[in-house]
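Notes follow once the structure below has been shown.
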Amino acid sequence: MKLSARIAAPVAALVLAGLTATACAPQTSDTSAKGDEKSGTLRVWLFQEVGNKPKEKVVNDAVAAFEKSHQGTEVKVEYIPVDTRAQRIKAAFNDPKSAPDLIEYGNSDTAGYVKDGGLADVTAEFDAWDEARDTDPIAKQSVTVGDKVYGAPFFVGVRALYYRTDVFKDLGIDPPKSQAELISTAKKIRKAKPDLYGLAVGGAYTYGAMPFIWSHGGEIAGETGGTYKSGINSEKARKGIEAYTSLFGDDNCPAAKCASMGGNATVTAFASGKAAMAIGGDFSHAAVEAGSVKGKYAVVPLPGVAENSIAPAFAGGNNIGVLKSSSHRTLAVDLMKSLTSKKTQAEMFDAMGFLPTYTDVLDNAAKKQPFVAPFVRTLGAGAKFVPASPAWGQIDASLVLPTMFQEIVSGRKDVAKAADDAAKKMDAAFTDAG
């Protein structure tokens, strides 16, 4: 399905990108703004990237244009560390006087931030915004809770299969076309080249494991009448867990080394030449290009169970939202539109490689940069999300799924027992979240 024909609407759940919060703010008292000032200073918190200068330039250009068209208004942007964002945003929700007007946030945090009363409902403004009509449905879902919109998508990110073209040529093999072939290919490479991981996998790589679960028809959780219940221990989910955990062992990626690895570690293993394959994001491209495998790799969509199918990928990314406590609501919404506009997203793609959230802008990006094509195909095949529950932040921070994978690959528990225990922890979190 062509992306320009729009990506299929997702199940009712939310994204992350890779950027998931480690904690959410507690329920706060009423933080609604008193008044709507039409001039003054707007404060913005954006995430600090590893190489932040290109992002700063794009943001500065958007801010300059905004200030020029909004006389009497000044914008102050602060770049906050990703690893301490949860504490900063928690404090902002609890102390409106020191809070910014807008924040960048991981899109798996939407439900939690809405429950905490931190984000403003901008449904009317979003629906009336001409550019928003071209927002991809998956991206729009990431700012939606119930039937209301709480921000604008900033960029989207998905993962695909990076593989070593030199290794594959040397062994006379082709990129795998099914999940079973992926597993057998990984083990074939490891046997022929024992100094390499066939496919770098990580016991703490939740978003690399999810496609295996989803491709078997499993779900992380299901929702009925606003109540969530874990699906991680269903028969279909267990088949996906078994497929993923079968990749841990001396015949591919030794559990002693790989059980503790997260997504960054698996990409690093690939980029440094220690793995023949890895599941990495479009956002991993720069790191791989900077590694020893530059010029010796290619990317294809991660295969699903059926031959020539694409495994559903976790669609991560970030959004920009207006805080409910902002005393400059109208100006803040206008600035949100400027920072997430088609022009800004196109420039951010050129500067940082972040995938745009507009169908037409993403199509153009894929034409400009061939490396984007496998990720666009993956999105077009239908991406999926984490449960749209404020409990997800706690589940993620508590490492429920990584613990499950690690218990299995270490031999402490079998798949059924580990999945049942993980489901109990998830259900407890869903109940606590209400």
- prompt: Is the F93 to Y113 ring centre distance short of 6.0 Å?
  reply: yes
- prompt: Yes or no on side chain to side chain donor-acceptor pair (under 3.5 Å) for S398 and Q394, after CA distance, side-chain angles and deciding distance?
  reply: CA-CA 6 Å; S398 300; Q394 178 60 35; 2.6 Å; yes
query: Parallel, tilted or perpendicular: which describes the rings of F314 and Y207, with under 30° parallel and over 60° perpendicular?
result: parallel
query: Do the side chains of E104 and V44 get nearer than 4.5 Å, heavy atoms only?
result: no
query: Hey, does P175 have a side-chain heavy atom less than 4.5 Å from the side chain of L161?
result: no
query: Can you check whether D136's main-chain N or O pairs, donor with acceptor, with T359's side chain at less than 3.5 Å?
result: no
- prompt: Taking C-beta and beyond as the side chain, do L302 and L182 meet within less than 4.5 Å on heavy atoms?
  reply: yes
message: Counting C-beta onward and ignoring hydrogens, is there a side-chain heavy-atom pair between Y228 and W392 closer than 4.5 Å?
response: no
query: Can you tell me if NZ on K187 sees more than 12 non-hydrogen neighbours from other groups inside 6.0 Å?
result: yes
message: Do F212 and T245 have side chains that approach each other closer than 4.5 Å (heavy atoms only, starting at C-beta)?
response: no
message: Quick one: does any side-chain atom of R43 pair with a main-chain N or O of S98 as donor and acceptor, under 3.5 Å?
response: yes
Ion pair E242/R238, N-O distance below 4.0 Å: no
- request: State plainly whether the residues K384 and E219 are in salt-bridge range, i.e. N to O under 4.0 Å.
  value: yes
